[in-house]
Amino acid sequence: MNSENLLEIEDLHVSVDGRGILHGLNLTLKPGETHVIFGPNGSGKTTLLMSIMGFPRYKVTQGRILFKGQDVTALPVDGRARLGIGISFQRPPVVRGVKTHDMVAACFRDKRPYEQKGAEVTQLAERANLLGFLERDINHGFSGGEIKRSEMLQLLAQNPDLALLDEPESGVDLENIALIGQLINELLDETHPACQQAHSGLIITHTGHILDYVNARTGYVLCAGMIMCEGDPRDILNSIKEKGYQECVACLKK
Amino acid sequence: MSEEVKEKSDKARAAAAKSAPFGNDINLAQYETCPPEIPVQIAPSEIRHQDRRKMLATGIMLDDPSQRSGTFVQFDNRPLHTSVAQEGIEVMATSQALAKYGWLGDYFWKAVAVDADKYTAHVELNNADGYFIRALPGAKTLFPLQACIYLSRARLIQDVHNIIIAEEGSELHIITGCATAGNEPGLHLGISEFYIKKGAKVTFSMIHSWSPEIEVRPRTGAIIEQDGLFLSNYVLMRPVQSIQLNPSAHCVGENATVRFNSVMVATPGSKIDAGSKAFLNAEGTRTEMIARAISTGGEIVSRGYIEGNVANCKGHLECRGLILGEAGFIHAIPELKGAKAGVDLSHEAAVGKIAEEEVEYLMARGLTRDEATATIIRGFLKVDIEGLPPMLNEELKKAVQASEQDIF
């Protein structure tokens, strides 16, 4: 394995509820790089992100996942989070009685007492335009855009080395896309003094809108649980816009 | 003896062996019945330190009365201390109030039926003492009043009869703590009758801290007049042998409102049967009942009953239960009765384990499984009570948190 890689996925096979979804996927990502994943519905994009994060429902049946050179394939979710992987949920659950500020404070990876985090929580919430949500139960009655911003807010507090973002722009109105894009940039930029290493991202996108804000280096097309194309994300996006995913399906048949 | 008084004791005698519809039946003969003792007045500092500490766990602060508008303490069947620090507010032993006010007899057994069961009958036949709290018209407590009912003698039947009157336009905030000294068996019977007059507001926060040998049968009734508000909060986090309560509120005046909130934890061996009933008998009356129940191995029956007898009344009942232990159960019984078109009654009940999805959500932020579980349980028990003064809300939270640390 190449120790320069932040994330290295080797021949990954994953099944969900007994059904095979990923069939031998390989992917490497260096520190500071952001990659974008395209693909039709049901191609396994979300499964890939959930598997990297380590949710138990996503069973690795073959292959392995290396993060910072360490084999994390058998490591539980919380262990991976503490190692520096973070994820934004598409449809996060409501947790009654747990306030947004409790969640954000819990995301900080250090063990400072809550009082010392309060100011930082407020400051981050201000940036995510969620000041009015800190006292609300997390995700309770949040709109689509508010959920996205709240997920970004939590990730900013967690400050992971690798951020897994599942369609950060879906269900978000135009005005908020700019804000989400800005938050993602903050998350992936080297603006965080706490961490010397550059931040990396793996982003699922349907529309590609997020490419207007995020400087992604590589794009992939995921089809039927395998990576079919790899290249410049804008080229891939243009090709998909022109020809749809048929070309990928055709690729598959070759 | 007046006709009316005689009639009440006759009824009580007739009900002396009457079982309650819910809860395990208690053989009163296995406990000691002792007549009430004449109230005394001692300084709170004379109460033993260890007893005061137990009281503190139920929100009763005897060492620093500056945050309380008045105090009442009863040990077993004897009122020990009464004080009040505000004009327009009255706090005294029920027996003293009866001697002072000839009219008080009219309030006896109006909100609770004297012949409801053998427990109400016992309280009547034993001439129970208790506390009398009254706010004169327009008077409002600046700080909460506190009332402590303490059971210290082994095998005793503690009989308590409380009368709470909020006169027109007044406001009463009461914290009541019930606790026990040791681990001896005992039976607590407590009648509380609330009379909430036009435009008055009463918040009543009851924190129970018993022990595994104690049986508890509170009987509570409230009559709420026009624009009146009754907010009743109940916290039971500690072990108990058995407890059965089902307070009822009658909203008899237009726009009268009652809210019941309860937080209950049944530890292994505890049997809890707790509910609340609301009768919406006038235009614009409303009720909301919220119960949170956790079994760590004990049994909980969580009841709720809303009866809408007029059009344009509204009620909602919510019961959520979490089962964390291997043994035990939670049985939610929400009931709605609409007797007129135009009632708006609803309920939701859910019983289950902690949602794995929620645990994983928190774990994805770096919390361990145990930390995530504890955070979710703390959130589950955190009921922000609408309409409760922030200071009282804080105190209730503190009481819940203090017990949480021991249990989870």
Heavy-atom pair with the smallest gap, counting every atom of [X] and [Y]:
X: B:L367; Y: A:D78; value: O-CB, 3.0 Å
X: A:R82; Y: B:G366; value: NH1-O, 2.9 Å
X: B:E360; Y: A:V77; value: O-CG1, 4.4 Å
X: A:A81; Y: B:A364; value: CB-O, 3.4 Å
X: B:T375; Y: A:V98; value: O-CG2, 3.7 Å

### Message
For B:Y361, which atoms come within 4.5 Å of any heavy atom of chain A: side chain, backbone, both, or neither?
### Response
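The answer is both parts of B:Y361.
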### Message
Can you tell me which portion of B:R320 sits under 4.5 Å from chain A's heavy atoms? Options are side chain, backbone, both or neither.
### Response
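Only the side chain of B:R320 comes within 4.5 Å of chain A.
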Open item on the list: Please classify the contact of A:L83 with chain B as side chain, backbone, both or neither, using a heavy-atom distance under 4.5 Å.
Closed with: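 When you check distances to chain B, no heavy atom of A:L83 falls under 4.5 Å.
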If you apply the rule side-chain contact (heavy atoms from CB on, under 4.5 Å), what do you find for A:R57 with B:E356, and how did you get there? CA-CA 11 Å; A:R57 222 178 125 227; B:E356 187 58 23; over 6 Å; no
Side chains of B:L362 and A:M103: does their closest heavy-atom pair fall under 4.5 Å?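 Yes; the side chains approach each other to less than 4.5 Å.
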- Task: Evaluate whether atom NZ of B:K397 has more than 12 neighbouring non-hydrogen atoms of other residues, nucleotides or ligands under 6.0 angstrom away.
- Result: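 Buried by this count: over 12 neighbours within 6.0 Å.
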Measure from the side-chain N and O atoms of B:R365 to the backbone N and O of A:F108, and report whether any donor-acceptor pair falls under 3.5 Å.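 No, B:R365 side chain to A:F108 backbone: no donor-acceptor pair under 3.5 Å.
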